[in-house]
Amino acid sequence: MAGTRLIRIAVLAVSLTAPASAQSPSPIPADLSDAEKLYGLSMLWREAAYNFAFFDQVPDLDWDAAYQAFIPQVLATGSTAAYYDVLARFVALLEDGHSRVWLPDPERTLRSYPWVLTRNVGEAVFVRNVGRSLQERIPIGSVILTIDDTPSADYVRDEWLPMTFASTDHDRHDRAVSRALHGPPGNPVTIRYETPSGEHRTLTLDRDRNTRDDEWAVAPGMGNRFEFRWLEDGIAYVAVNTFNDSGVVGDFRRALPELSSAKALVLDIRRNGGGNSSHGYRIAAHLSNDTLLTSSWQTREHVASYKAWGRWSEQYAAYHEMDAWRDGGSHGTVAPAQDSRLIVPTVVLQEHATYSAAEDFLVAIDGIPHITTIGRPSGGSTGQPLAVHLPGGGRANICTKRDTYPDGREFVGIGIPPDIVVETTVADMRAGRDPVLDRGLAVLRAQLAGSR
């Protein structure tokens, strides 16, 4: 942390396999002792009981009772993978995107998937990319109807939703669908699907993404942290795809001299999964003539003597009930940039995948008169995770910080709504249409026409 700037962890991974930076180099034990299993579960229960920031958003969850119920479940596991699946189900009860579990899997041997990437489009399991060796058999744009003879919606609900870490239902469903074909590498998966031409096919696939060489039919689109191009009518398009890299601020600032001639701006943060909030604030400083407010935050507070006194004293009752909070104030203000400012009609494109520090950016720009947000509600999850190290080399995070708008409005567990909601359909995806961008351009052209 530098001053009041808190680093947000970008939550981009959608599987239980840890990213490289989080993986343990230790070998995965063949099995864990009962003592180790109980210790790991107890660590998660304890750290969440004392530090989790959003128990009020899961009012039906009795965390102590859940802990007791999971004791026999962890003891009954016969493998490290099964044990971590149970831990994932336990932490997923918190319904928070910044509270999650990672497998101790440096070689990615416990989880894999076929060379098929899926996404949720209109409640359908949509094939968004495949390995080149599969593209004739599974065309991009296909919709998976059943998985192992189970309707896809039911399979996702039963197999993946209980192990998916998310603060909102829409983000939870998206993440679960993206993992629909994941599973043990030795277990093939059978899918029935409808191709874009309407043909129904059935195919059994090996979960060999980590063991078979191939390349994606469409190059993955997350490689560039920053994109800039000109559209028609003097409208500039800028995509800021991460706040996890300070270089994206330099990218934006280097583009400003050329952007200064733009009549309007599209700022696309639909793929921005977060990172460091200060990077977003430094970009926001160029988009307003006014000082911007940032989110406010709280964290739970524990003082042992206050907790003891709270049994008899109303003054300290909140400590006794473990419901005392420290007000952290705000993350500061964002002063307008002293040099170039881009004060033109602007649309910001957002999605369910707009997450964490990218949501902090949306909070900061809230209410800027010349900015209109378009798309779907954001993921609804930000905060400061506490790392918990688990037996066998895995780890977990527990969210310890509660962020709100400066005026106290909640967005964690809800998502930040856009000014204009636009949905994308399967037909749009198959036709290569981008209705969110199209609507944004229509809004800007109308504003430009009205200003003449």
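These numbers come from a predicted model, not from an experiment.
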### N187 CG: over 12 foreign heavy atoms closer than 6.0 Å
yes

### Task
Would you check if there is a donor-acceptor pair between the side chains of Y67 and S42 at a distance under 3.5 Å?
yes

### Shortest non-hydrogen separation from R137 to R201 and the atoms involved
O-NH1, 2.7 Å

### Query
Any donor-acceptor pair under 3.5 Å linking the side chain of E321 with the backbone of A318?
no

### Message
When you compare the side chains of W115 and N129, does any donor N or O come within less than 3.5 Å of an acceptor on the partner?
### Response
no

### Message
Against S381, only a single residue in E95, H98, E359 fulfils side-chain hydrogen bond (donor to acceptor under 3.5 Å, both in side chains); can you say which?
### Response
H98

### Y39 atom OH, neighbour heavy-atom count above 12 within 6.0 Å
no

### Task
Taking all non-hydrogen atoms of both residues into account, name the closest pair between A180 and V125 and its distance.
CB-CG1, 4.3 Å

### Query
Of the non-hydrogen atoms in S112 and R209, which two are nearest, and what is the gap between them?
OG-N, 3.4 Å

### Atom CD of E199 with >12 non-hydrogen neighbours under 6.0 angstrom
yes

### Query
Of the non-hydrogen atoms in A396 and L44, which two are nearest, and what is the gap between them?
CB-CD2, 3.4 Å

### Task
Report, as yes or no, whether the 6.0 Å neighbourhood of atom CZ on R157 holds more than 12 heavy atoms from other residues, nucleotides or ligands.
yes

### Query
Going by distance alone, is a donor N or O of one side chain under 3.5 Å from an acceptor N or O of the other, for T382 and D403?
no

### Task
Quick one: sort the H182 and W160 rings into parallel, tilted or perpendicular, breaks at 30° and 60°.
perpendicular

### Query
What class does the angle between the rings of F361 and F243 fall in, given that below 30° is parallel, 30 to 60° is tilted and above 60° is perpendicular?
tilted

### Query
Parallel, tilted or perpendicular for H170 and H352, by the 30°/60° rule?
tilted

#### Entry: salt_bridge(D206, R212) N-O dist < 4.0 Å
no

### Message
Heavy-atom count check: over 12 atoms from other residues, nucleotides or ligands less than 6.0 Å from D327 CG?
### Response
yes

### Query
For the residue pair Y405 and F411, does the interplanar ring angle fall in the parallel (under 30°), tilted (30 to 60°) or perpendicular (over 60°) class?
perpendicular

### Query
How are the rings of F52 and F55 set to each other: parallel, tilted or perpendicular (split at 30° and 60°)?
perpendicular

### Task
Decide, yes or no, whether a salt bridge links R270 with E351 under the criterion of side-chain N to carboxylate O below 4.0 Å.
no

